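Throughout, protein chains are lettered first and strands after them, A, B, ... in sequence-line order, and every chain is numbered starting at 1. Just so we're clear, the structure is a prediction, and the values are computed from it rather than from any experiment.
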2 protein chains.
Amino acid sequence: MERPGGRTARVRAAVLRAAGDVLAEQGFAHLELSDLARRADVGKTTVYRRWGTVTAVVTDLLAEMAAESVPRTETGTLSGDLRANARLVLTTLTDPRQGPLFKAVIAAATCDDATAAALRGFYATRVAEWAPCVTQAVTRGEVPRGTDAEEVIRAVSAPLYYRLLTGTGDLDETTADRAAAAAVTAAVAGVFTSAGATAST
Amino acid sequence: MERPGGRTARVRAAVLRAAGDVLAEQGFAHLELSDLARRADVGKTTVYRRWGTVTAVVTDLLAEMAAESVPRTETGTLSGDLRANARLVLTTLTDPRQGPLFKAVIAAATCDDATAAALRGFYATRVAEWAPCVTQAVTRGEVPRGTDAEEVIRAVSAPLYYRLLTGTGDLDETTADRAAAAAVTAAVAGVFTSAGATAST
DNA sequence: ACCTTAAAGGAACCGTAGTTCCATTAGGGA
DNA sequence: TCCCTAATGGAACTACGGTTCCTTTAAGGT
């Protein structure tokens with residue numbers, strides 16, 4: 001029963017939107033089933049029966065977030081591509097709604113295994129989406145063979161997430177560009193090949 | 001009244017230890033005033049009156065964590081120093097108690113401003129402790145003048161924290177060494193100078 | 001050793017989120 | 001169009017964490 005557009009789908013959308021709102025506005029600690037139902041204009045029995053716990057709602061939200069993919073730009077150079085990626089991540093994390101939302105979702109994942117799995121899935125998807133720009137760079141000869149493409153992508157995001165979560169350091173374009181530049185430099189030097197970790201002495 | 005060793009101090013220590021235990025074992029979501037009191041063998045009225053909220057307890061815990069400093073090793077080279085740092089962070093984050101504890105504390109900081117401030121303070125302290133090894137490298141001529149020392153230190157930690165929190169990628173010695181190597185390479189290339197972000201094209 | 005006072009603790013209270021029960025309703029299929 | 005079923009929603013119940021009140025205890029100063 002109940003196809004997309006049906007009542008069930010409408011309820012799910014409303015609840016997930018409400019969940020996103022609460023997470024963005026007040027953080028994970030203030031997420032409650034009853035509050036959620038109130039905001040979504042849905043009986044709290046419904047949200048209870050469908051999800052059961054707040055972390056389950058977050059898990060579902062993450063599944064939806066993973067589904068909607070962001071197309072990536074191709075600039076022709078590794079440096080350009082990674083900078084585009086860094087800028088995209090920066091834009092997301094500094095967005096007044098998305099930034100807090102990501103914080104909250106990560107916080108939720110520290111409290112529940114299923115949510116953590118969903119979060120892993122989300123980032124695995126995102127990283128995999130961008131990895132091709134590194135393999136292309138390998139093909140072009142910009143970086144050594146054997147470079148771990150996903151590792152490079154993670155290296156770009158890492159400094160930005162570190163700032164988001166620890167609150168240490170700025171979260172601006174300089175930082176984003178720096179993260180990209182550092183990843184490129186290291187990748188070119190072969191740090192992200194299997195033997196690269198111990199190389200530069 | 002009440003000096004170190006007195007009843008007040010004893011209660012505080014017991015509660016903070018209990019808080020650390022709960023956070024490490026069950027995460028931030030399961031932290032409750034009553035449970036805390038039970039574990040610490042303290043009246044729940046006491047913990048309520050002294051702290052009032054769970055985030056306040058976490059904030060206090062962070063203050064204590066910031067106080068106990070870890071001495072850093074000096075190896076004579078930037079690469080050696082940063083690798084030592086990366087290994088230290090790795091050891092902490094993979095420790096069966098400390099790893100989950102750090103996750104939980106970061107999660108708590110996303111829910112409360114005071115806790116976030118305490119977390120910032122904690123990392124500001126830790127980063128400042130290690131920054132000298134970069135400035136020494138500048139003096140030795142290993143890396144360019146104008147290199148942002150704290151930025152370099154953060155660059156080492158970032159990939160490890162990224163893995164801890166997103167669950168993406170391994171958290172092992174290879175990763176740690178890679179983080180250090182990448183930071184060194186980028187620093188040497190001048191990425192962490194004020195103009196460096198846009199340099200490597 | 002006492003006395004003062006601030007801190008701790010026990011017990012009862014209160015509010016609310018989570019849970020259950022059952023009546024109602026909306027959708028899809030015949 | 002009607003019917004059948006599954007999902008929704010309202011209302012009442014329960015459990016439990018947070019809060020308050022008042023008594024008890026112990027640490028420091030004299």
Side-chain angles (χ1 to χ4, degrees), chain A residues 1-23 25-61 63-64 104 107-108 111-115, chain B residues 1-23 25-61 63-64 104 107-108 111-115:
Chain A
M1 239 195 191
E2 300 291 358
R3 296 287 141 191
R7 184 165 57 162
T8 299
R10 216 161 46 237
V11 166
R12 175 169 182 258
V15 170
L16 292 189
R17 179 149 22 83
D21 289 347
V22 177
L23 289 176
E25 289 168 22
Q26 324 199 278
F28 172 63
H30 291 77
L31 192 62
E32 285 158 16
L33 254 37
S34 31
D35 183 34
L36 218 47
R38 218 173 305 140
R39 290 210 187 206
D41 255 315
V42 160
K44 77 171 171 174
T45 312
T46 301
V47 43
Y48 172 68
R49 191 179 328 107
R50 285 269 289 266
W51 289 277
T53 74
V54 288
T55 53
V57 178
V58 178
T59 305
D60 199 11
L61 179 63
E64 193 173 81
C111 300
D112 181 80
D113 285 341
T115 309
Chain B
M1 242 197 189
E2 300 290 358
R3 294 288 142 193
R7 184 166 57 160
T8 299
R10 215 159 48 236
V11 166
R12 175 168 182 259
V15 170
L16 293 189
R17 178 146 25 81
D21 289 348
V22 177
L23 289 176
E25 289 168 22
Q26 325 200 278
F28 172 64
H30 293 76
L31 192 62
E32 286 157 14
L33 255 38
S34 29
D35 183 35
L36 219 48
R38 218 173 303 140
R39 291 210 186 206
D41 256 314
V42 161
K44 76 170 170 171
T45 312
T46 302
V47 43
Y48 173 68
R49 193 179 328 106
R50 285 270 288 265
W51 289 277
T53 75
V54 287
T55 53
V57 178
V58 178
T59 304
D60 198 12
L61 179 61
E64 192 174 81
C111 302
D112 182 80
D113 285 342
T115 309

Handout entry: Any side-chain heavy-atom pair of Arg50(A) and Asp60(A) under 4.5 Å
Key = no
Does any donor-acceptor pair link the side chain of [X] with the base of [N] at a separation under 3.5 Å?
X: Lys44(B); N: dG10(C); answer: no
X: Thr53(A); N: dG18(C); answer: no
X: Arg49(A); N: dG9(D); answer: yes

Problem - Pairwise distance CG(Asp21(A)) to CD(Gln26(A)) - rounded to 0.5 angstrom - result: 10.0 Å
Fill in the blank from the handout: Interatomic distance, OH@Tyr48(B) vs CG@Leu36(B), rounded to 0.5 Å, equals 15.0 Å
Problem - Flag, side chain of Arg38(A) to backbone of Leu33(A), donor-acceptor distance under 3.5 Å - result: no
Handout entry: Check: Thr59(B) side chain, Thr55(B) main-chain N or O, donor-acceptor pair, under 3.5 Å
Key = yes
Among the candidates [options], find the nucleotide nearest to the side-chain atoms of [X].
X: Thr46(B); options: dG9(C), dG17(D), dG27(C); answer: dG9(C)
X: Tyr48(B); options: dA17(C), dG18(D), dA8(C); answer: dG18(D)
X: Glu32(A); options: dG17(D), dG18(C), dA8(C); answer: dG18(C)
X: Arg7(A); options: dT20(D), dA26(C), dG17(D); answer: dA26(C)

May I have the distance from [X] (atom [atom1]) to [N] (atom [atom2]), rounded to whole angstrom?
X: Leu36(A); N: dG9(D); atom1: CG; atom2: C1'; value: 16 Å
X: Arg38(A); N: dG10(D); atom1: CZ; atom2: P; value: 13 Å
X: Asp35(A); N: dG15(C); atom1: CG; atom2: C1'; value: 15 Å
X: Leu33(B); N: dA8(C); atom1: CG; atom2: C1'; value: 15 Å
X: His30(A); N: dG18(D); atom1: NE2; atom2: P; value: 12 Å

Handout entry: Most 5' of Arg10(B) and Thr45(B) on DNA chain D, judged by nearest nucleotide
Key = Thr45(B)
Practice task
May I ask you to evaluate whether Ser34(B) reaches the phosphate of dG18(D), defined as a side-chain N or O under 4.0 Å from OP1 or OP2?
Solution key: yes
